[in-house]
Amino acid sequence: MTKLHEFTNDFNEKVAIITGASSGIGQAVAEAIASYGAYTVFISRSGAEKIVAELNSRGKSALSLPCDVSDELQVKNAITKVYQKYGHIDILINNAAINQIAKIEDISLEDWNKVMATNLTSQFLCCKHVVPIMKQQKSGKIINVSSIAGHFRSKISGIHYVTSKAGAIGFTRQLAYELAPFQINVNVVCPSQTYTPMLAATLPPLEEQKLIDSIPLGRIASMDEQVNVILFLASHLSSYMTGAIIDVNGGQF
Ligand SMILES: NC(=O)c1ccc[n+]([C@@H]2O[C@H](COP(=O)([O-])OP(=O)(O)OC[C@H]3O[C@@H](n4cnc5c(N)ncnc54)[C@H](O)[C@@H]3O)[C@@H](O)[C@H]2O)c1
């Protein structure tokens, strides 16, 4: 049994893939998992070479794979490279996403499709190509990143973002059911507003204090407060959890 103080050993020599790992929550999770000894694969559109080089210079084992997660061929090639290099894949964190603020009448079909492809189809594609490997291993941890917007609603984001994040919840619950016989855990986290580049790009400066006043815990989340929950779900400590929807939202319902 893993005890709490052994938590960090859990990641030693595991192979972990994190999408959207060049910024924000994805970068912070990937850096944490790498620092605990996992072979950590940073997937992002533009690559995360600088971050990875810095980790490797400290004796960690990180790899940067540039990949657009909405493109099936790129996803398939990236997963194949990881499997050929390490021979197993233990953790997949589907975190990449984009956000847009717009009212429904102003959303073009192109924007709708882009948000759905980046936020939801990407989770399907990464799982589709990782699942056969995890099934063969009879083990694996998949964590999908949704949002308070997908579990409840959003005061800021467009309906395409909210719909993609709600989709991640249904996707997670069904996949958890399909994969339970193979001892693969699939869970979804629903962060609320967190200080990251995405929030900086979407939160109008004058709205910040109003938002803080509306949060029961009285503050916007730090990245660490999201990272800790994702690490818990990626570890053995959550071994009996699958299909769970985890709100990390300061008490906002
Ligand atoms: N920050 C918040 O307030 C907040 C709140 C709720 C949910 N979330 C969710 O948390 C996750 C991380 O958000 P963040 O705030 O760290 O965002 P961020 O914008 O800082 O990072 C998003 C990452 O996704 C990558 N990405 C986008 N499109 C991609 C594509 N097609 N292929 C590969 N990579 C792609 C970006 O390059 C970036 O690295 C997202 O799923 C987001 O929806 C964030």
Side-chain angles (χ1 to χ4, degrees), residues 17-32 41-52 64-79 92-101 111 113-126 142-158 160-169 171-172 188-204 207-208 211-212 214-215 219-227 229-230 233 245-250 252:
I17 297 175
I18 297 94
T19 72
S22 63
S23 154
I25 295 170
Q27 179 183 342
V29 172
E31 286 179 340
V41 182
F42 287 62
I43 287 196
S44 68
R45 272 173 308 191
S46 50
E49 278 77 14
K50 261 193 181 165
I51 306 164
V52 159
S64 168
L65 286 183
C67 168
D68 177 344
V69 288
S70 64
D71 180 313
E72 181 160 18
L73 189 60
Q74 291 188 39
V75 169
K76 189 176 176 209
N77 288 340
I79 305 291
L92 168 65
I93 300 171
N94 283 312
N95 161 83
I98 52 171
N99 196 356
Q100 290 180 357
I101 304 166
D111 280 346
N113 287 339
K114 186 170 182 200
V115 170
M116 296 302 280
T118 307
N119 298 5
L120 183 56
T121 308
S122 63
Q123 299 197 353
F124 158 67
L125 292 175
C126 291
I142 297 174
I143 297 102
N144 295 322
V145 181
S146 173
S147 168
I148 187 173
H151 203 187
F152 301 103
R153 58 161 173 69
S154 174
K155 293 173 194 158
I156 305 168
S157 305
H160 42 356
Y161 177 82
V162 175
T163 306
S164 71
K165 293 297 181 179
I169 293 174
F171 175 75
T172 299
V188 59
V189 284
C190 301
S192 64
Q193 305 80 6
T194 306
Y195 282 117
T196 68
M198 181 186 279
L199 187 71
T202 48
L203 182 65
E207 296 294 312
E208 184 170 344
L211 172 64
I212 290 170
S214 74
I215 300 173
R219 58 191 168 77
I220 290 172
S222 70
M223 274 200 277
D224 278 352
E225 287 174 309
Q226 302 300 342
V227 169
V229 176
I230 295 172
L233 291 173
I245 306 164
I246 308 298
D247 294 317
V248 191
N249 66 17
Q252 301 175 81

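Order of listing sets the numbers, starting from 1, for every ligand and every atom in it. Residue numbers run from 1 in the order of the sequence given.
- The side chain to side chain donor-acceptor pair (under 3.5 Å) check on Q193 picks up Q252, with sequence neighbours excluded.
- At a 4.0 Å heavy-atom cut-off, the residues surrounding ligand 1 are G20, S22, S23, G24, I25, S44, R45, C67, D68, V69, N95, A96, A97, I98, T118, V145, S146, S147, Y161, K165, P191, S192, Q193, T194, T196, P197, M198, L199, listed by chain and number.
- In this structure, the side chain to side chain donor-acceptor pair (under 3.5 Å) partners of Q27, at least two apart in sequence or on a different chain, are E31.
- Side-chain contact of K165 with S154: a donor-acceptor pair under 3.5 Å is absent, judged by distance alone.
- Inspection of the H160 and D111 side chains reveals no N or O donor paired with an N or O acceptor under 3.5 Å.
- Annotation for G250 and I215: closest pair O-CG2, 3.8 Å, computed over non-hydrogen atoms.
- For the side chain to side chain donor-acceptor pair (under 3.5 Å) test, no residue two or more places apart in sequence or in another chain qualifies with S147.
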